[in-house]
Novice: 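Can you keep this structure in mind? I'll have questions shortly.
Please read all numbers here as calculations on a predicted model, not as lab measurements. Here is the naming used below: chain letters follow the sequence lines, and residue numbers restart at 1 for every chain.
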Amino acid sequence: MFNKYFSLGSRSTIDVNCTVTAVMGHLTSTDFENTNSIAKWCNDDLQLQYLLSTVPIRTYVQGENNPQIALNIYNLCERADHLIICTDCDTEGEYIGWEVLMAANYGLHFEKERDCSVLKEALSNKVRFNSGNVWRMEFSNVEKNHLKKAVTNPKKLDPKKVEAVRTRIEFDLRTGSILTRYLTNHYRKTPYAEDAKNLLVSYGSCQFPALGFVVDRYDRISNFTPEEFYYIYIKTELAKNKVGWARPNLYDRFATSLIYENVINMDSDVVTVSSVVKKHRIDYSPQPLTTVELQKECSRLFNFSAKETLKHAENLYQSGFISYPRTETNCYPPDFDFDSVINQLSNMPEYTPYCEKIVNEGALFKKPRNGSKNDFAHLPIYPLLSVSQNVKNTWTSQKKLVYNFVCVKFLASCCKDAIYNTCTVTLNWGKTSTQEGVDFVQKAEILQEANYKEVISLMFSKNQKKGKSKEVINLKLAELKVGDKIKLLETGVGIGKTTPPPWLKEAGLITLMDINGIGTDATIGEHIETLKTRNYIKCEDRTKYLKPTALGISLIHGFQKMGLGPIITKPFFRSEMEQSLHKIISGQLQGRDVLNQCMRSYSKVLKTTIQKGHILIGEAKVN
DNA sequence: GCAAGGTC
C-alpha cells in the first residue's frame, strides 16, 4: 500500500510502521507583532493606516491545546521518514496541512514571520520535511475503499491554496482591525456609549454585509407606502370563500366599477366553466442535508437560532449519533450504503414501519436526489446510530428535535417523490357574443401518492389533519366539465391594500448569506450571533423577526451616506475577494497582488471614513 | 478586548 512513498514497484513488499495522530482545527493564530491594544490605537485615527499596511503580522501556535498538539507532531516526526497530511480536502484544510508541516519541521518555533516563501523553503530540500517526503491524502469520506484509494494515490500540498487562505487571513485581520478601532473610538463619543470604556463597535467583512441585509429589509418596510387596489369577487355554490378574479388587480376604483357594472347588468346569476386543465405536480423528496439547510429548517420549524442548531448537531456528532454536521455537500457517493443506515434506524419502534417500506429497495425507496454542491471534505448530514428510548429520555427536547429531524430527513430523502393531481378550473361570468366577461380561477390539488410525505409526517405531532371541507371542494372541482353552470351566491367589488415585505427571520438571513457567499457552513450562525451580541440587531421573542437596532441602522446608513455603501455594507466586495482567492489557486494571481489591491481599496475607505466620520456620528445622534 | 476561519 505504501510502495509509492518509497518509489517501489507494486510487486515489492515492505514493512511500514504507521503512526496516526490528529490536530483539532487550526494550530495557529495570526496577529500583529507587538501588542496592539485597542486603547493604544483608538486615540489616533491617522495611525490606523499603519495597521492597514505596514505593521508586520506574525503567525504563531496558539490555543488551549495547540502547543501540545504541535509539539506532539514535532516529536513523532523525529522518528518518521514520511509525513502524510490528511486534513479536510478544502482550502482551509490545505492551510492546516501547512501548519502541520511547520510543526513537523519547527515544533513550536515558528513564531517568526514565515510567509509563503517558507512554504517553498519547506517544499524545497532545505528542511527535514520537504517536497520529497511530505504527502497530501485526498479523501472526502471514511469509507474503506475510498480511503485505500486515497492512501495509494498520494498527492502534494498545494502552495497556491495555502497562499489563498493566508491572503484571506491577512485581509480579514487588517481590515477588521482598522475599522473596529475607528468605529469603537468614534462611537464612544456618542449617546450609544453609556459605558464608554466597554462599548465595542466591530467591523468584519462578513458581519457588515449580514447587517446590511437586515437594515435593507428594515428600510424597505419603513419606506413602504401601502396602496389600495380593487378587484371583482364572486361566491359560488362550490365553496363558502370569496374567489377573486384571474386578472391582475386594478389600482383604479372607477375602472373596476365599470367592469363590474358591465357584467352585473347581464343579469346572469351563474358562472360557466370555460376551461378545465388537469395535470400532475411532482413534489420532490428532500435533498441530502447540508448545514445551511439544517439551520434554516430548524429555525423555521422549531425557532432555533442557527448557532443553537449547530450546537445540538455537534453534540449528537460527538456522541456518534449523526455524521459530521458542518458540510456543504448535498450528494452521496455512488456506493453509499443506504440500507445499513435504514436498518440502523429501524431499531427505533416509531421508525420501524417506515424503514420496512424503504429498506432493500422497498416500495417507497428511491435513491436520494443528489444536489450539485460538494465541498469534497464531508458527506451530507445523516444519522449514524439509533438511540434507545432510555438514552433518548436523558436528552433535552431540543436535542431530540434535531436528531429526529436528521433521521426523518434522511429517510424522506430515500423515498419516491410525492405526486399531486392538479385541476385548474376557469369560471367565466358574463361572457356574450359582444363581451369577454370576467374570468375567475379555482385550483384543486389532490394528493395521489404521498411517498416521502408519509415519512415526513413523523416529524410533526400526531393529529395534524387538514380541514375536510377543503378536500370536498377539491373533489367537486375535479368533477367539473367545460360548459357546466354554477350558481352565484354573491358578487362584488373588493378592496385590498398592498403590504410591505415581511420582516427578515433567521432562516431568510441564512439564505441571503449563503447565496451571497457571506461566511461558511460553520460560521454563518456565528456571524448572526455576533450581530446580536454587538447590539446591531435584535431577535423579537415572540415573532422571531430580526430587526436592526438604532446602532445597527446608524452604521449602515452612515456608511451609505459617506458613499461607502457598496464596499462596506453590501456583499459584493467580499464575493469579489473570494473570486480573487480562486484566481490565486488557479495561478492567475499572486497573493501579494490581491492583498495590495484590497488594501488600496480599504485605504481609500479609511481616508473617507476619517474625513466624513462626522456623518456617521451625526447619524448616530439622530437615531 | 477587535476579523474570520478551523475545531472541541
Novice: In this structure, how many angstroms lie between the C1' atom of B:dT7 and the CG atom of A:Asp88, rounded?
Specialist: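 Checked: the CG to C1' distance equals 10 Å.
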Novice: Does a side-chain N or O of A:Thr530 approach OP1 or OP2 of B:dA3 to a distance below 4.0 Å, or not?
Specialist: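 For A:Thr530, the contact criterion (side-chain N or O under 4.0 Å from OP1 or OP2 of B:dA3) is not met.
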Novice: Nearest-Å distance, CZ (A:Arg534) to C1' (B:dC2)?
Specialist: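 Taking CZ of A:Arg534 and C1' of B:dC2, I get 7 Å after rounding.
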Novice: Is A:Glu578 paired with A:Arg574 through a side-chain N to carboxylate O contact shorter than 4.0 Å?
Specialist: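 Here A:Arg574 pairs with A:Glu578 in a salt bridge, since their nearest N and O are under 4.0 Å apart.
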Novice: NZ of A:Lys311 versus P of B:dT7: gap in Å, rounded?
Specialist: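 Going from A:Lys311 (NZ) to B:dT7 (P), I get 19 Å.
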Novice: Need one value for A:Thr175: base, sugar-phosphate or nothing, where a base atom within 4.0 Å counts as base even if backbone is also close, heavy atoms only.
Specialist: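 Nothing, no heavy atom under 4.0 Å.
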Novice: With ring centroids as reference points, do A:Tyr602 and A:Phe171 lie under 6.0 angstrom apart?
Specialist: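 Yes, the ring of A:Tyr602 comes within the 6.0 Å limit of the ring of A:Phe171, centre to centre.
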Novice: Quick one: label A:Ser205 by what it contacts on the DNA or RNA (base, sugar-phosphate, nothing), any heavy atom closer than 4.0 Å.
Specialist: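 Counting heavy atoms under 4.0 Å across all strands, the contact made by A:Ser205 is with sugar-phosphate only.
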Novice: Please report, rounded to the nearest Å, how far the P atom of B:dG5 is from the NE2 atom of A:His527.
Specialist: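 Going from A:His527 (NE2) to B:dG5 (P), I get 4 Å.
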Novice: Atom CD of A:Glu314 to atom P of B:dC8: distance rounded to whole Å?
Specialist: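 Roughly 6 Å, once rounded to whole Å.
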Novice: If you assign A:Val23 and A:Gly204 each to the DNA chain B nucleotide with the nearest heavy atom, which residue ends up on the more 5' nucleotide?
Specialist: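 Comparing both residues, the 5'-ward one is A:Gly204.
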Novice: Reading DNA chain B from 5' onward, which residue's closest nucleotide shows up sooner: A:Thr30 or A:Gly25?
Specialist: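 Comparing both residues, the 5'-ward one is A:Thr30.
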Novice: Answer yes or no: is there an ion pair linking A:Glu78 with A:Arg128, defined by an N-O contact shorter than 4.0 Å?
Specialist: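 Salt bridge between A:Glu78 and A:Arg128, a charged N being under 4.0 Å from a carboxylate O: no.
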Novice: Please state how far atom CG in A:Leu173 lies from atom P in B:dG1, giving the value in whole angstrom units.
Specialist: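 Nearest whole value for this atom pair: 14 Å.
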Novice: Could you check how far CZ of A:Phe32 sits from P of B:dC2, rounded to whole Å?
Specialist: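 Atom-to-atom, A:Phe32 to B:dC2, this comes out as 14 Å.
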Novice: Does a salt bridge link A:Glu297 with A:Lys409, judged by any charged N lying under 4.0 Å from a carboxylate O?
Specialist: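 Result for this pair is yes, salt bridge flagged.
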Novice: Respond yes when some side-chain nitrogen or oxygen of A:Tyr317 is under 4.0 Å from OP1 or OP2 of B:dC8, and no when none is.
Specialist: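 Answer yes for this pair, as a side-chain N or O of A:Tyr317 is under 4.0 Å from OP1 or OP2.
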Novice: Write down the distance between CD (A:Glu526) and C1' (B:dG5), rounded to a whole number of angstrom.
Specialist: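 Answer to the nearest Å: 10 Å.
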